[in-house]
Amino acid sequence: MKTDWHCKLPPKTKVHTGRGESFAPFKSAISIQNEDAMTFFWKCCPCSESFAATEPDLRRLSERFKLLGCQPKATCVNNCCTVRGKLQAIFPGMLVKLDTFHWIECWDDLLFDEESAKSETFRGMLRQMLFEVEHSECQRVRCHPVSKGNQNPTAQEINKHTKATIPAADTLMRRMESLLRHVFFVDSCMDINEPSADDNRQRFFKPVAPHLRRKLEAQKKHVANGCLSDPSFRETGIGMHRANPMTFAARTARSTGTNENDNVQIPRVLNNPMVGIDRADRVCMHACQLPSSAH
């Protein structure tokens, strides 16, 4: 289950009670997709992000899964440690993982300048730290060019199609500690050497204050608890990659990136100052990949 909240479109939904009289009943909306990026649940809520507001709907959703003879095994959210207990009470045994996009986004509070080149470099180092390509994935992709007649694919061609995994918590923690040591060392060197008048260099991080230190510890805690790490297929039977048996193309089952993409595209399509219910319903159904009978 790819679970994500968005707060831009719902406040724009108006309910008219009379000529020139309207109000906005919604503050947020939740969308849930499966591993193939197909939306099977969405709802507008009158409050901010809260699973308590959607608990009755989620319990009915759990009953629906039972009738279908299946239960979700894992979900990606943006506040895993806060909602893990609530979700596991509704979906027993489900793994609650943290979405990597939101974890990387939380580092912005620590960055000296979010728009600087140093910040982009740091985000790139975070992505390199998070992901690794397993040998089995390289072997899978190596067979794909062979089926097209390319008997000797280059390393660049192989890397173009491989899908990365996120290693276990202990491995990821060692990588993160190494990255942070490098960043703190560079910042300390800049503090020692006084910049000249024409020196435009900047730090990676702000000077670490108590509240920033707590933010840093919270980010490290997610790594240590395994909130980001992919579950072991041997232990859980959960695969992070979905490969098309005809084209051999693979897609990643984790993260809420496809939810975010829908959240961006829907307001772009609903680009008129005022959109009626019929058109909004058709557009949202198409964007969320739902048949009209499922509304």
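Below, each value reflects all heavy atoms present in this structure, side chains not excepted, and no hydrogens, waters or symmetry copies. None of the values given here were measured: they were computed from a predicted structure.
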Rounding to 0.5 Å, atoms NE2 (His211) and CG (Leu110) come to a distance of 8.5 Å
Cluster companions of Met240 among Ile, Leu, Val, Met, Phe, Trp, Tyr (side-chain spacing under 4.5 Å):
Leu95, Ile238
Salt bridge present between Lys66 and Glu63 (N-O < 4.0 angstrom)
yes
Test salt bridge (charged side-chain N to carboxylate O under 4.0 Å, His left out) applied to Asp108 and Arg123, step by step:
CA-CA 9 Å; Asp108 288 353; Arg123 295 186 186 101; 3.0 Å; yes
About how many Å separate CD of Glu177 and CG of Leu172, when rounded to the nearest 0.5 Å?
10.5 Å
Heavy-atom check, side chain of Ser255 versus side chain of Glu260, under 4.5 Å:
no
Quick check on Lys43: does its NZ atom have over 12 non-hydrogen neighbours (other residues, nucleotides or ligands) under 6.0 Å away?
yes
Heavy-atom check, side chain of Arg175 versus side chain of Val223, under 4.5 Å
no
Check whether any side-chain heavy atom of Arg214 sits under 4.5 Å from a side-chain heavy atom of Glu217, and report yes or no.
no
Do Thr252 and His241 make a side-chain contact, defined as non-hydrogen atoms from C-beta onward lying under 4.5 Å apart?
yes
Tell me, which pairs form a ring-ring contact (aromatic ring centres under 6.0 Å, His included) where one or both residues lie in residues 109-132, sequence neighbours left out?
Trp107-Phe122, Phe122-Phe205
Asp113 and Lys118 ion-paired at < 4.0 Å
no
For atom NZ of Lys221, is the number of surrounding heavy atoms from other residues, nucleotides or ligands below 6.0 Å larger than 12?
no
Glu132 and Thr165, any side-chain heavy atoms less than 4.5 Å apart:
yes
Please examine the side chains of Asp99 and Asn259, heavy atoms only from C-beta on, and report whether any two atoms are closer than 4.5 Å.
no
Find out if a path of hydrophobic residues (ILVMFWY) with successive side-chain heavy-atom gaps under 4.5 Å connects Phe26 to Leu9.
no
Drop me the distance from Phe204's CZ to His182's NE2, to the nearest 0.5 angstrom.
5.0 Å
Mind checking whether Lys220 and Met173 have side chains closer than 4.5 Å, heavy atoms only?
yes
Rounded distance (nearest 0.5 Å) linking atom CZ of Phe23 with atom NE2 of His16
10.5 Å
What's the shortest heavy-atom distance between Pro231 and Lys97, and which atoms?
CD-CE, 4.3 Å
Under 3.5 Å donor-acceptor pairs involving side-chain atoms of residues 73-91, not counting sequence neighbours:
{"from": "Thr75", "atom 1": "OG1", "to": "Met1", "atom 2": "O", "distance (Å)": "2.8"}
{"from": "Thr75", "atom 1": "OG1", "to": "Thr3", "atom 2": "OG1", "distance (Å)": "3.2"}
{"from": "Arg84", "atom 1": "NH2", "to": "Val96", "atom 2": "O", "distance (Å)": "2.9"}
{"from": "Gln88", "atom 1": "NE2", "to": "Met94", "atom 2": "O", "distance (Å)": "3.0"}

Are Leu216 and Leu212 connected into the same hydrophobic cluster when the rule is that any two of I, L, V, M, F, W, Y join if their side-chain heavy atoms are below 4.5 Å apart?
yes
How many angstroms lie between atom CG of Asp57 and atom CD1 of Ile30, to the nearest 0.5 angstrom?
9.0 Å
Distance, nearest 0.5 Å, that separates CH2 of Trp103 from SG of Cys227
11.0 Å
Does Lys8 have more than 12 heavy atoms from other residues, nucleotides or ligands lying within 6.0 Å of its NZ?
no
Heavy-atom side-chain contact between Asp4 and Phe101 under 4.5 Å:
no
